[in-house]
Amino acid sequence: KGSGMSSSDGGYLAPGFSYFYVDQNLAAIVTAQRRESSICHVQTVPTGQGPYDTAGAAGTWLGRKGIENITQLFIVGHGGPGCVIVGQKLTSKTIVPLGGWLGSFLDPTCKVRILGCSSAADSELPYGRFLAGQMSQSEDRPGYDLLYGLARATNRIVEGALNGQSNTPLGLKGGCRRVYPDGRQERFLGGGIKDPWD
C-alpha cells in the first residue's frame with residue numbers, strides 16, 4: 001500500500017453522467033452549481049437518513065430512469081478525519097452502501113469523490129491558524145480506511161480531501177488523497193470542478 005504524489009484535475013466534471021449524494025445542509029449550495037439534467041442528478045439526503053435508505057433511493061431512481069453508466073459519483077457533506085456527514089455521520093464502517101449498492105450502475109471508468117473537509121485525512125495538525133490534514137503510516141488511518149472501504153465496495157478509485165474545503169466552486173482543492181481498490185494510495189493536488197461543455 002505504497003504512496004506517492006501525482007497531479008490531477010481534482011474533480012473536474014468530465015462528459016458522462018454524474019451522480020451527487022448531497023447532505024441536506026449543503027443542498028442549496030450544490031444545486032446552485034450543479035443543475036439537474038440528462039447528465040447530472042443531485043440526490044438530497046435528509047438529516048438523519050441512514051446509508052441503506054440513501055443507497056436504496058439512488059438505486060430506485062437510477063433503475064426508473066434506465067441509467068447504467070454513472071461516470072462520476074460525488075458524496076458531498078461536512079467532514080472531518082475519516083468521516084463525512086451525509087444524512088448521518090459516515091465512517092469506513094457505514095459508508096460502503098453508498099457505493100456498493102450502485103456497483104451495477106457505475107461505468108468502468110467511474111471515479112468516486114468525497115467532497116468533505118479533511119475526510120480523507122487520518123489526523124490534523126495546526127498550520128498557522130488552519131489545520132492541515134495528515135496521511136499516517138501507522139495502523140490507525142481513518143481517512144485511508146474511509147476511502148479504501150468505498151474503493152473496495154465499488155471496485156473504483158476513490159478520492160477525498162486532506163484539508164478544509166470551500167463549497168464554491170465545488171471540487172477537491174489543495175492536498176488530496178486517492179485510494180485504489182487494490183489498496184494503493186497517492187497524494188495529489190485538487191483543483192475544483194468545472195464543466196468542459198459550459
(message) Looking at every heavy atom in both Pro142 and Pro81, which two are closest together, and how far apart are they?
(response)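 So the two residues come closest at CB-O, 4.4 Å.
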At what distance, to the nearest 0.5 angstrom, does [atom1] of [X] lie from [atom2] of [Y]?
X	Y	atom1	atom2	answer
Ile114	Tyr21	CD1	OH	12.0 Å
Leu73	Phe105	CG	CZ	12.0 Å
Met135	Glu186	CE	CD	9.0 Å
Lys111	Gln72	NZ	CD	8.5 Å
Ile39	Ile67	CD1	CD1	11.0 Å

I'd like to check the side chain to side chain contact (heavy atoms under 4.5 Å, CB included) partners of [X]; sequence neighbours left out, ordered by chain and number.
X	answer
Val30	Phe20, Val22, Arg34, Val42, Val76, Leu170
Ser166	Lys173
Gln88	Pro51
Arg64	Thr60, Trp61

(message) Clusters formed by hydrophobic residues whose side-chain heavy atoms approach within less than 4.5 Å: which one holds Tyr180, and what are its other members?
(response)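 Same cluster as Tyr180: Ile157.
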Donor-acceptor pair, distance only, cut-off 3.5 Å: does the side chain of [X] make one with the backbone of [Y]?
X	Y	result
Thr71	Phe17	yes
Asn163	Gly133	yes
Glu68	Gly66	no

Does a side-chain heavy-atom distance below 4.5 Å link [X] with [Y]?
X	Y	value
Lys89	Cys83	yes
Ile85	Asn25	no
Tyr144	Val179	yes
Arg141	Tyr148	no

(request) Check step by step if side chain to side chain contact (heavy atoms under 4.5 Å, CB included) holds for Gln33 and Thr168. (result) CA-CA 8 Å; Gln33 298 175 68; Thr168 307; 3.5 Å; yes
So, using side-chain hydrogen bond (donor to acceptor under 3.5 Å, both in side chains) as the criterion, who are the partners of [X] when residues are at least two apart?
X	answer
Ser118	Glu124
Asp107	Thr109
Ser138	Ser136

(request) List in chain and number order the residues that pass salt bridge (Lys or Arg N to Asp or Glu O under 4.0 Å) with Asp122, two or more places apart in sequence or in another chain; answer none if no residue qualifies. (result)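 For Asp122, the residues satisfying salt bridge (Lys or Arg N to Asp or Glu O under 4.0 Å) (neighbours in sequence not counted) are Arg177.
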Taking distance alone, no hydrogens or angles, what donor-acceptor pairs closer than 3.5 Å link side-chain atoms of residues 92-103 to residues at least two apart or in another chain?
residue: Thr94; atom: OG1; partner: Thr91; partner atom: N; Å: 2.9

(message) Out of the candidates Val158, Asn155, Leu150, only one should pair with Pro181 under the side chain to side chain contact (heavy atoms under 4.5 Å, CB included) rule; please name it.
(response)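 The side chain to side chain contact (heavy atoms under 4.5 Å, CB included) with Pro181 is passed solely by Asn155 among Val158, Asn155, Leu150.
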(request) Not counting sequence neighbours, list each pair that qualifies as a side chain to side chain donor-acceptor pair (under 3.5 Å) and has a residue in residues 41-53. (result)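 Qualifying pairs, neighbours excluded: Tyr19-Gln43, Glu36-His41, Gln49-Thr54.
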(request) Begin from the C-alpha positions of Glu159 and Cys176 and carry the test side chain to side chain contact (heavy atoms under 4.5 Å, CB included) through to its verdict. (result) CA-CA 7 Å; Glu159 299 175 341; Cys176 298; 5.9 Å; no
